[in-house]
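Note sheet for the following structure.
Since this is a predicted model, take the numbers as computed values, not measurements.
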Amino acid sequence: MNDADVVILGRKMQLRTKRHSDAEDDYRWRADPELAELDATTPLRIDYSDFQRMYESELRFPSVNMRRYAIDTYENVHIGNCMLYDINTFVGESEIGIMVGNRDYWGRGYGLDAMAHMVELA
């Protein structure tokens with residue numbers, strides 16, 4: 001991992017900037033019906049090539065009111081994502097979203113660690 005990608009080092013995980021290689025995991029997680037239900041949305045229903053084009057565009061032209069981060073283990077396993085969205089710098093607030101998409105890491109404190117550091121980052 002490039003140290004310049006790391007935004008925050010947590011107790012169990014590291015938050016880093018999103019990159020092109022995250023697209024496959026993100027597509028799989030967003031298309032998963034159970035994860036979509038937990039995220040209060042519908043599963044992604046576009047094919048991977050369309051998703052990848054959209055993904056590349058979001059990386060090239062990031063939104064000014066949104067910050068996306070990957071959650072990695074210290075073994076550099078991409079296990080989820082978190083984001084600040086609806087950022088309002090005028091009033092100093094935003095919303096936080098988090099998803100640990102890799103079920104092997106559920107219930108092991110990675111999400112809690114990521115959320116604590118996202119609040120700190122915000």
Side-chain angles (χ1 to χ4, degrees):
M1 165 164 315
N2 180 349
D3 288 341
D5 290 342
V6 175
V7 177
I8 287 185
L9 298 174
R11 186 175 45 81
K12 299 189 71 130
M13 58 84 232
Q14 49 196 347
L15 297 178
R16 65 163 170 80
T17 56
K18 296 295 290 171
R19 55 182 174 229
H20 304 281
S21 60
D22 296 332
E24 190 175 323
D25 287 338
D26 289 354
Y27 179 80
R28 186 174 60 255
W29 296 334
R30 290 182 58 194
D32 182 296
E34 181 183 13
L35 292 175
E37 184 177 341
L38 291 170
D39 201 26
T41 189
T42 58
L44 197 61
R45 289 193 166 89
I46 60 174
D47 65 40
Y48 181 71
S49 60
D50 290 338
F51 175 80
Q52 193 171 31
R53 277 192 293 281
M54 180 182 68
Y55 197 87
E56 296 292 328
S57 177
E58 288 175 357
L59 288 177
R60 253 192 312 269
F61 308 105
S63 171
V64 296
N65 65 346
M66 185 181 307
R67 300 288 180 273
R68 299 174 189 262
Y69 303 97
I71 305 169
D72 281 359
T73 67
Y74 278 109
E75 295 76 34
N76 295 319
V77 177
H78 178 219
I79 64 168
N81 300 305
C82 49
M83 65 189 287
L84 298 172
Y85 60 99
D86 293 336
I87 297 171
N88 183 330
T89 56
F90 182 72
V91 294
E93 62 186 29
S94 80
E95 296 184 51
I96 296 176
I98 184 171
M99 174 189 289
V100 176
N102 186 325
R103 287 173 175 81
D104 293 340
Y105 294 87
W106 284 12
R108 295 176 51 192
Y110 289 93
L112 179 63
D113 192 27
M115 184 57 76
H117 288 290
M118 283 296 290
V119 170
E120 176 186 322
L121 182 64

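- Rounding to the nearest 0.5 Å places CG of Leu121 at 7.5 Å from CG of Leu15.
- Asp72 has its side chain out of reach of Val77: every pair of non-hydrogen atoms, C-beta onward, lies at least 4.5 Å apart.
- In terms of hydrophobic clustering, with Ile, Leu, Val, Met, Phe, Trp and Tyr side chains grouped at heavy-atom distances under 4.5 Å, Phe61 and Val64 are assigned to different clusters.
- When hydrophobic side chains of Ile, Leu, Val, Met, Phe, Trp and Tyr are connected at separations under 4.5 Å, Met54 ends up clustered with Tyr27, Leu44, Ile46, Tyr48, Phe51, Tyr55, Leu59.
- Thr41 and Asp39 share no side-chain donor-acceptor pair at under 3.5 Å.
- The OH atom of Tyr74 lies 6.5 Å from the CE atom of Met13; values are rounded to the nearest 0.5 Å.
- With values rounded to the nearest 0.5 angstrom, Asn81 atom CG is found 8.0 Å from Asp25 atom CG.
- The heavy-atom pair separating Lys18 from Ala70 by the smallest distance is CD-N, 3.6 Å.
- In this structure, CD on Glu58 lies 7.5 Å from CE on Met66, to the nearest 0.5 angstrom.
- Heavy atoms only, all atoms of each residue included: Pro43 and Ala31 are closest at CB-O, 3.5 Å.
- Side chain of Asp86 to backbone of Glu95: no donor-acceptor contact under 3.5 angstrom is found.
- Taking the side chain as every heavy atom from C-beta outward, Arg67 and Val7 never approach each other to under 4.5 Å.
- By the 4.5 Å heavy-atom criterion applied to side chains, His117 and Gln14 are not counted as neighbours.
- Of all non-hydrogen atoms in Cys82 and Met118, the two that sit nearest each other are SG-SD, 3.5 Å.
- The main-chain N or O of Val100 is never found under 3.5 Å from a side-chain atom of Arg103 such that the two would form a donor-acceptor pair.
- Looking at every heavy atom in both residues, Ile98 comes nearest to Ala114 through CD1-CB, 3.7 Å.
- Note: the hydrophobic cluster containing Met83 does not contain Tyr105 (ILVMFWY, side chain heavy atoms under 4.5 Å, direct or indirect links).
- A donor-acceptor pair under 3.5 Å links the side-chain atoms of Asn102 to the main chain of Asp104, judged by distance alone.
- The CD atom of Glu37 lies 10.5 Å from the CG atom of Asp32; values are rounded to the nearest 0.5 Å.
- With values rounded to the nearest 0.5 angstrom, Asn65 atom CG is found 11.5 Å from Tyr85 atom OH.
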Would you check, one step at a time, whether the test side chain to side chain contact (heavy atoms under 4.5 Å, CB included) holds for Leu35 with Met99? CA-CA 8 Å; Leu35 292 175; Met99 174 189 289; 4.2 Å; yes

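- Under the 4.5 Å side-chain heavy-atom criterion for Ile, Leu, Val, Met, Phe, Trp and Tyr, Ile79 and Leu112 are members of distinct hydrophobic clusters.
- Between the side chain of Asp22 and the backbone N or O of Arg19, at least one donor-acceptor pair lies under 3.5 Å.
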